[in-house]
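Data block below; observations after.
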Amino acid sequence: QVQLVESGGGLVQPGGSLRLSCAASGSIFSIYTMGWYRQAPGKQRELVAAITSGGTTNYADSVKGRFTISRDNAKSTMYLQMNSLKAEDTAVYYCKRYGSGSYYSREYWGLGTQVTVSS
């Protein structure tokens, strides 16, 4: 019943910006660590950024200083503000809910949203 729906992807020129959103439903959003991953064609899916329930963040080196992850627990929504976009950022971006750490918990993924950075 947990659903994660990404939005905000699209085509942007190098140096431009996009803000991705991940709307969550079917769970108590505020207690989970959330993350953004991306996967380019022919490449591994990689962590972009993550944010804990308490707001602690971490970023991949490739996006540090350019991307900002945030969350609004009242709206059960996570965001990824992407600035100074590069062609190398082109990928499908996925929203992830991490497991709680309990035996019965599991991870959930959204279906992804395409980000294309091209002139």
Side-chain angles (χ1 to χ4, degrees):
Q1 292 175 207
V2 175
Q3 293 185 336
L4 304 172
V5 181
E6 302 96 336
S7 62
L11 175 65
V12 64
Q13 295 182 29
S17 298
L18 285 173
R19 189 178 78 157
L20 305 183
S21 298
C22 171
S25 63
S27 67
I28 306 173
F29 176 82
S30 62
I31 69 173
Y32 291 99
T33 296
M34 302 290 296
W36 287 100
Y37 285 71
R38 67 186 182 186
Q39 187 166 26
K43 295 194 173 186
Q44 297 175 282
R45 186 172 297 188
E46 63 177 352
L47 173 69
V48 177
I51 183 167
T52 70
S53 61
T56 300
T57 61
N58 69 85
Y59 298 89
D61 289 341
S62 60
V63 307
K64 200 172 185 65
R66 299 188 298 120
F67 292 8
T68 303
I69 189 171
S70 62
R71 65 194 295 163
D72 185 339
N73 289 336
K75 297 181 178 179
S76 296
T77 302
M78 176 180 65
Y79 305 95
L80 184 68
Q81 179 66 49
M82 304 185 294
N83 299 325
S84 301
L85 283 161
K86 306 174 181 179
E88 302 82 68
D89 297 317
T90 296
V92 177
Y93 283 71
Y94 297 92
C95 175
K96 177 185 179 180
R97 193 208 80 177
Y98 289 77
S100 69
S102 73
Y103 182 81
Y104 297 102
S105 184
R106 59 157 287 180
E107 299 175 342
Y108 290 91
W109 295 86
L111 295 179
T113 185
Q114 178 71 48
V115 172
T116 302
V117 185
S118 177
S119 60

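Side chains included, hydrogens not; waters and symmetry mates left out as well; all remaining heavy atoms used. The first residue of the sequence shown is numbered 1, and numbering continues consecutively from there.
Although no hydrogens or angles enter the test, the distance criterion places a donor-acceptor pair under 3.5 Å between the side chain of Tyr59 and the main chain of Ile69.
Residues Ser118 and Thr116 bring no donor and acceptor atom of their side chains to less than 3.5 Å of each other. Between the side chains of Asn83 and Ser17, a donor-acceptor pair is found at a separation under 3.5 Å.
A heavy-atom distance below 4.5 Å is not found between the side chains of Leu18 and Gln81. Using a 4.5 Å cut-off on side-chain heavy atoms (C-beta onward), Phe29 and Met78 make contact.
Scanning all heavy atoms of the two residues, the minimum distance from Pro14 to Ser119 falls at CD-N, 3.6 Å. The minimum heavy-atom distance linking Arg66 with Ser84 is given by the pair NH1-O, 3.0 Å. Here the shortest heavy-atom pairing between Gly99 and Ser105 reads CA-OG, 3.1 Å. Of all non-hydrogen atoms in Ser102 and Ser100, the two that sit nearest each other are OG-OG, 3.1 Å. Scanning all heavy atoms of the two residues, the minimum distance from Gln114 to Thr90 falls at NE2-CG2, 4.0 Å.
Distance CG/Leu111 to SG/Cys95: 10.5 Å, rounded to 0.5 Å. Once rounded to the nearest 0.5 Å, the distance linking CD of Glu6 with CG of Leu20 reads 8.5 Å. Separating the OG atom in Ser21 from the CZ atom in Arg71 is a distance of 14.0 Å, to the nearest 0.5 Å. To the nearest 0.5 angstrom, Ser25 atom OG is 7.5 Å from Leu4 atom CG. Here the CG-OG distance, from Asp72 to Ser30, works out to 11.0 Å after rounding to the nearest 0.5 Å. Considering OG1 of Thr113 and CG of Leu80, their distance stands at 11.0 Å, rounded to 0.5 Å.
For the pair Arg106 and Tyr104, the cation-pi criterion (under 6.0 Å, within 45° of the ring axis) is not fulfilled. Taking the centre and axis of the six-membered ring of Phe67, the NZ or CZ atom of Lys64 falls outside the cone set by 45° and 6.0 Å.
Within 6.0 Å of the CG atom in Leu11, the count of heavy atoms belonging to other residues, nucleotides or ligands exceeds 12. Atom CD of Gln3 sits in a sparse spot, with 12 or fewer heavy atoms from other residues, nucleotides or ligands closer than 6.0 Å.
Residues Val117 and Tyr93 are members of one and the same hydrophobic cluster, defined by side-chain heavy-atom contacts under 4.5 angstrom among Ile, Leu, Val, Met, Phe, Trp and Tyr.
Checked against side-chain contact (heavy atoms from CB on, under 4.5 Å), Ser27 has the following partners two or more places apart in sequence or in another chain: Val2, Tyr32, Arg97. Among residues two or more places apart in sequence or in another chain, the ring pair (Phe, Tyr, Trp, His ring centres under 6.0 Å) test is passed with Tyr37 by Trp109.
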Worksheet entry | Worked check of side chain to side chain contact (heavy atoms under 4.5 Å, CB included) between Met82 and Val63 | CA-CA 9 Å; Met82 304 185 294; Val63 307; over 6 Å; no
Fill in: side chain to side chain contact (heavy atoms under 4.5 Å, CB included) evaluation trace for Trp36 with Cys22
CA-CA 9 Å; Trp36 287 100; Cys22 171; 3.7 Å; yes
Which atom pairs, one a donor and one an acceptor, fall under 3.5 Å between side chains of residues 45-54 and the rest of the protein, sequence neighbours left out?
residue : atom : partner : partner atom : Å
Arg45   : NE   : Gln39   : OE1          : 3.4
Arg45   : NH2  : Gln39   : OE1          : 3.4
Glu46   : OE2  : Arg38   : NE           : 2.7
Glu46   : OE2  : Arg38   : NH2          : 3.2
Thr52   : OG1  : Gly54   : N            : 3.3
Thr52   : OG1  : Gly55   : N            : 3.3
Thr52   : OG1  : Thr56   : N            : 3.1

